[in-house]
Amino acid sequence: MACLIPHLFLFLPSIIYAQSDSMLYIGSSLIAGDPSFSPWRSPSDEFAFGFKQVEGDLFLLSIWYNKLDEKSIAWYAIHDQNPAPRGSKLEVTASSGLLLQSSQGGEPWKPSPISGVVAFGKINDDGNLVLLDSNSTTLWESFKQPANILLPTQKIEVNSLLSSRKSQNSYALGKFQLRLSEGNLVLNIISLPSTYTYEPYHVIQAYEGNQIVFDKDGFLYIMQRNGKRVNISEPESAYPTNAHYYQVTLNFDGVITVSHHTRNPSAFNATWMHFKKIPHNICVTMRGNYSSGVCGYNSICILNNDQRPSCKCPPGYSLIDSNNKYSDCKPNIQPICEGGENNLTNNLYSLRVLPNTNWPTQDYELFWPFTVEECKNACLLDCFCVVAVYRDNSCWKKKLPLSNGREDKNETSVSYLKLSTSSFGQGFDLPIPKGKKKPNTLVLVLSTLLGSFALIVLILVSLICRGYTFNHKEKLTGDFHPRESFGSSMRKFAFKEISEATNQFEEELGRGSCGIVYKGTMEVGPIAVKKFNMTEDGEKEFKSEINVVSQTHHKNIIRLFGYCDENKTYILIYEFMSNDNLARFLFSDTKLSWDIRTKITYGIARGLSYLHDECNTQIIHCDIKPQNVLLDEYYNPKISDFGLAKLLKMDQSRNRIETNIKGTTGYIAPDWFKSTRVTTKVDVYSFGVLLLEIICCRSNGEDVEVSEEGREILVDWAYDCLQQGRLNVLVEGDMEAIDDKERLERFVKVAIWCIQEDPSQRPTMKEVMYMLEEVVPVSSPPSPYPFNSICSQVSSM
Ligand SMILES: *[C@@H]1O[C@H](CO)[C@@H](O)[C@H](O)[C@H]1NC(C)=O
Ligand SMILES: *[C@@H]1O[C@H](CO)[C@@H](O)[C@H](O)[C@H]1NC(C)=O
Ligand SMILES: *[C@@H]1O[C@H](CO)[C@@H](O)[C@H](O)[C@H]1NC(C)=O
Ligand SMILES: *[C@@H]1O[C@H](CO)[C@@H](O)[C@H](O)[C@H]1NC(C)=O
Ligand SMILES: *[C@@H]1O[C@H](CO)[C@@H](O)[C@H](O)[C@H]1NC(C)=O
Ligand SMILES: *[C@@H]1O[C@H](CO)[C@@H](O)[C@H](O)[C@H]1NC(C)=O
């Protein structure tokens with residue numbers, strides 16, 4: 001008996017604080033792994049809050065469904081590293097609310113900061129844990145600091161997000177996020193361990209959304225600012241929320257599931273039923289240019305029948321973390337040349353065929369048209385090529401690490417994976433041709449002579465020349481296939497489909513020299529359909545445009561949904577821009593406000609800067625003018641019409657002669673007329689003219705038709721006004737602009753810098769952006785035209 005007394009003593013504090021109800025009082029606490037502390041429970045016992053043992057001897061501070069056998073976790077504190085060790089303590093305090101202290105020191109988790117004094121807390125029957133002050137004002141709630149799950153009545157506002165778990169077995173922070181971004185619901189990956197966000201892999205567009213709502217009846221939708229809903233998922237009518245729990249989960253594999261579970265604990269085989277999954281096929285929607293994708297690097301994603309992805313390493317590769325199938329794979333033997341060229345031509349490497357498999361990013365070379373054999377040889381003979389992807393006469397070489405790998409029935413590409421023959425004895429596709437054999441193509445001869453580096457350069461050169469001249473030399477037969485990297489977002493449409501979508505090309509939106517644009521409607525919403533003339537030029541512009549636009553992804557560049565090229569009919573399908581083009585607003589009575597005009601200016605500058613500096617291949621638009629800047633319903637500008645654009649992979653001076661002058665008079669830089677090489681500075685020039693037009697709401701192009709010298713008028717006039725400090729005259733009494741004098745002056749100065757006759761004097765678009773955004777100061781520009789310029793331009797025409 002006597003020996004029991006000390007124990008009683010020890011247990012005394014716990015008995016005092018042990019909770020049996022839903023209220024959390026200041027000073028009450030829980031110790032992880034100590035059964036004498038019982039968790040808090042909601043009034044009807046639906047949810048409980050406390051420590052839950054996970055991952056061995058670790059304890060997760062969490063809220064769980066208290067009536068379900070499997071005790072599914074509905075919320076948890078996302079710990080910096082691992083869940084808390086045994087003996088860690090949670091205390092309810094007045095100043096910070098929940099204070100979690102690890103038994104090994106430190107605070108493994110903190111609630112978001114609280115402003116006010118906590119008087120008490122409670123766990124509600126909806127699963128929300130709230131902390132309140134003495135006036136019962138809510139200071140903190142678990143619904144506002146969510147983990148990976150949304151419960152009915154919970155919302156995601158602009159500054160909160162769901163984060164996935166690291167893996168099926170780990171509650172550590174995973175790489176997937178669900179959030180609101182620019183008014184849309186987006187799913188994106190972060191670059192762990194940082195929180196750097198990659199571009200979204202799935203977007204549900206709402207444009208003006210400001211809340212993601214999971215309502216009490218199980219409807220999931222985005223609430224827009226104007227009070228309208230963009231529906232995402234509705235509950236299954238046979239499973240009403242009064243008899244079923246509902247939840248939305250962002251899973252460790254990046255898929256969102258909406259699920260229900262009977263509330264009846266004794267129901268036969270009761271389990272979570274996942275009735276809705278987003279996105280539909282994560283393996284193919286994933287195509288970011290930087291992250292590894294759903295799976296780790298070098299891995300291959302395969303969609304299971306339940307619409308969830310699984311990952312596998314390709315043959316010859318194995319998991320770096322053998323406990324996590326979703327992690328990176330490493331090559332067992334480096335497929336990079338060991339010992340140089342000899343090994344390449346000595347049967348030490350072979351190719352393994354992987355049907356329906358593709359790694360759509362990370363290509364460093366594209367050959368077209370190529371046969372399968374040429375493609376395979378090109379990879380075998382290249383030290384850096386680890387896989388060649390072949391589809392429709394196109395051959396892409398890829399290097400390590402491979403990302404976004406997928407195997408899918410609908411994937412028409414075949415991958416040829418390069419493996420070292422010393423590690424694998426069988427299952428190879430055609431072995432490499434011996435160096436001694438007579439090579440059957442020029443490529444092979446050259447490669448043996450010059451080595452593969454020189455080969456790469458040569459092929460590149462020949463490819464570029466080919467790209468530049470095929471309009472003249474080659475009759476294209478068969479279908480045209482755009483760059484594959486974006487193939488997953490760009491679809492090939494049948495002519496019939498487009499004809500239906502446009503109601504037999506009924507509504508005309510506009511006409512250009514190369515074709516006609518029609519309005520249409522598809523599931524995605526309204527579309528713009530550009531039908532090119534069935535001429536050589538039409539075909540040429542179609543190809544140029546599809547090649548360029550399919551490589552871009554920027555909010556200020558028009559987005560291409562797909563294309564059609566049946567029987568010499570060339571069609572591109574674009575997102576529809578409800579506000580037509582900028583020319584419509586600049587040169588008519590419906591003047592746009594200064595505010596919108598500045599916003600448009602920044603957008604165009606960003607778009608051009610992206611084309612020049614941020615794409616894999618430098619893109620020169622060559623025809624920047626207001627007619628080619630489209631506006632969406634919020635007047636966001638999007639650069640369009642890439643029919644004359646140029647892709648520059650390297651010095652293009654040799655191709656200069658073949659490039660016809662085709663830009664639009666009034667916007668063409670003087671360098672076009674000289675035999676200097678064309679650079680991005682021609683776009684800078686056109687942007688300068690456009691900027692003056694945006695500032696003055698007056699056309700430069702118009703004047704040209706009146707007289708050749710007229711081209712000087714707007715430009716000269718602007719320069720004179722700037723010199724004489726009479727900018728108010730320039731904007732013709734636009735009060736908004738005059739009130740914004742500093743910006744106005746800055747814009748005019750930048751424009752004059754852009755239209756300098758000497759291209760080297762013009763800033764780059766990046767510099768333009770910095771100047772416009774006042775990141776760097778703008779000095780006073782010199783006169784744009786030295787006097788001899790007009791004559792020299794005219795004579796060289
Ligand atoms: C409670 O409300 C009263 C009256 O509105 C106010 O004076 C007091 O500051 C509030 N207390 C807290 C803790 O917010
Ligand atoms: C969204 O779903 C609700 C409920 O079913 C319905 O009333 C509403 O019309 C739907 N909204 C749209 C835009 O489909
Ligand atoms: C029991 O489980 C099976 C498969 O898991 C499912 O098809 C069936 O609908 C479930 N039964 C009920 C009553 O939920
Ligand atoms: C070929 O590569 C192996 C390693 O894979 C290396 O040991 C060998 O020296 C190389 N052969 C030649 C001829 O360089
Ligand atoms: C393949 O594509 C077709 C048509 O686009 C689609 O209906 C089908 O679901 C796709 N199959 C897979 C496995 O993605
Ligand atoms: C990555 O590619 C996307 C297009 O898919 C593009 O928008 C983005 O700017 C690229 N990122 C960089 C840094 O180039």
Side-chain angles (χ1 to χ4, degrees), residues 23-28 91-99 111-122 124 126 128-144 150-158 178 180-187 202-249 256-260 273-280 501 520-527 575-576 578 632-634:
M23 303 294 279
L24 285 70
Y25 296 107
I26 301 298
S28 52
E91 194 179 345
V92 184
T93 72
S95 59
S96 61
L98 300 175
L99 178 63
S112 48
I114 285 168
S115 64
V117 178
V118 176
F120 64 100
K122 58 183 179 173
N124 295 329
D126 57 7
N128 195 11
L129 173 67
V130 290
L131 300 177
L132 308 116
D133 69 9
S134 54
N135 288 350
S136 289
T137 306
T138 302
L139 300 178
W140 182 87
E141 48 190 312
S142 59
F143 271 16
K144 291 245 163 91
L150 280 184
L151 297 177
T153 73
Q154 194 170 355
K155 297 178 179 122
I156 292 190
E157 319 259 352
V158 172
L178 180 162
L180 270 174
S181 169
E182 298 183 357
N184 303 319
L185 181 156
V186 305
L187 292 173
H202 188 72
V203 178
I204 298 179
Q205 279 181 331
Y207 302 109
E208 288 284 81
N210 66 348
Q211 277 182 341
I212 299 168
V213 180
F214 192 40
D215 77 8
K216 67 175 184 13
D217 300 317
F219 286 89
L220 178 65
Y221 54 88
I222 307 172
M223 183 61 102
Q224 293 177 313
R225 262 174 254 285
N226 59 13
K228 288 195 184 141
R229 293 164 53 156
V230 173
N231 290 338
I232 301 172
S233 158
E234 46 184 68
E236 293 197 304
S237 51
Y239 303 89
T241 44
N242 56 14
H244 295 82
Y245 297 111
Y246 271 79
Q247 68 174 35
V248 175
T249 311
I256 301 175
T257 50
V258 189
S259 334
H260 55 66
M273 305 291 283
H274 309 295
F275 64 96
K276 169 95 184 174
K277 282 148 199 164
I278 305 168
H280 183 67
T521 313
M522 286 188 169
E523 320 88 86
V524 290
I527 51 167
E575 60 181 328
F576 175 74
S578 54
D632 72 8
E633 57 183 314
Y634 309 108

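Numbering of ligands and ligand atoms starts at 1, following listing order.
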Apply salt bridge (charged side-chain N to carboxylate O under 4.0 Å, His left out) to Glu182 and list each qualifying residue two or more places apart in sequence or on a separate chain.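 Lys555.
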
Closer than 4.0 angstrom: is that true for some heavy atom of Val117 and an atom of ligand 1?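 Judged by the 4.0 Å heavy-atom criterion, Val117 does not count as contacting ligand 1.
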
Taking all atoms of both residues into account, what is the closest heavy-atom pair of Asn184 and Gln205, and its distance?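 Answer, listing the atom of Asn184 first, then Gln205: OD1-CA, 3.4 Å.
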
Partners meeting salt bridge (charged side-chain N to carboxylate O under 4.0 Å, His left out) with Lys277 (sequence neighbours left out):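 Lys277: no salt bridge (charged side-chain N to carboxylate O under 4.0 Å, His left out) contacts found.
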
Check: Thr249/Gln247 side-chain N/O donor and acceptor closer than 3.5 Å: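 Yes, Gln247 and Thr249 have a side-chain donor paired with an acceptor closer than 3.5 Å.
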
When the ring planes of Tyr207 and Tyr634 are compared, do they come out parallel, tilted or perpendicular, using 30° and 60° as the limits?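 If you compare the ring of Tyr207 with that of Tyr634, the planes turn out tilted.
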
Please name the residue in the list Asn231, Leu180, Ile156 that meets the side chain to side chain contact (heavy atoms under 4.5 Å, CB included) test with Ile222.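 Considering Asn231, Leu180, Ile156, a side chain to side chain contact (heavy atoms under 4.5 Å, CB included) with Ile222 is found only for Leu180.
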
Does any pair with a residue in residues 208-227 pass side chain to side chain donor-acceptor pair (under 3.5 Å), and if so which ones, sequence neighbours excluded?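 Applying side chain to side chain donor-acceptor pair (under 3.5 Å) to every pair that reaches into residues 208-227, excluding sequence neighbours, yields Glu157-Gln211.
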
Numbered atoms of ligand 1 (with element) below 4.0 Å of Asn135, judged on heavy atoms: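 That gives atoms 1 (C), 2 (O), 3 (C), 8 (C), 10 (C), 11 (N), 12 (C), 14 (O) of ligand 1.
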
Would you mind listing which atoms of ligand 1 come within a distance below 4.0 Å of any non-hydrogen atom of Ser134?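 Counting atoms of ligand 1 from 1, those under 4.0 Å from Ser134 are 13 (C).
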
Protein residues having a heavy atom less than 4.0 Å from any atom of ligand 2: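 Under the 4.0 Å cut-off, ligand 2 touches Phe219, Arg229, Asn231.
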
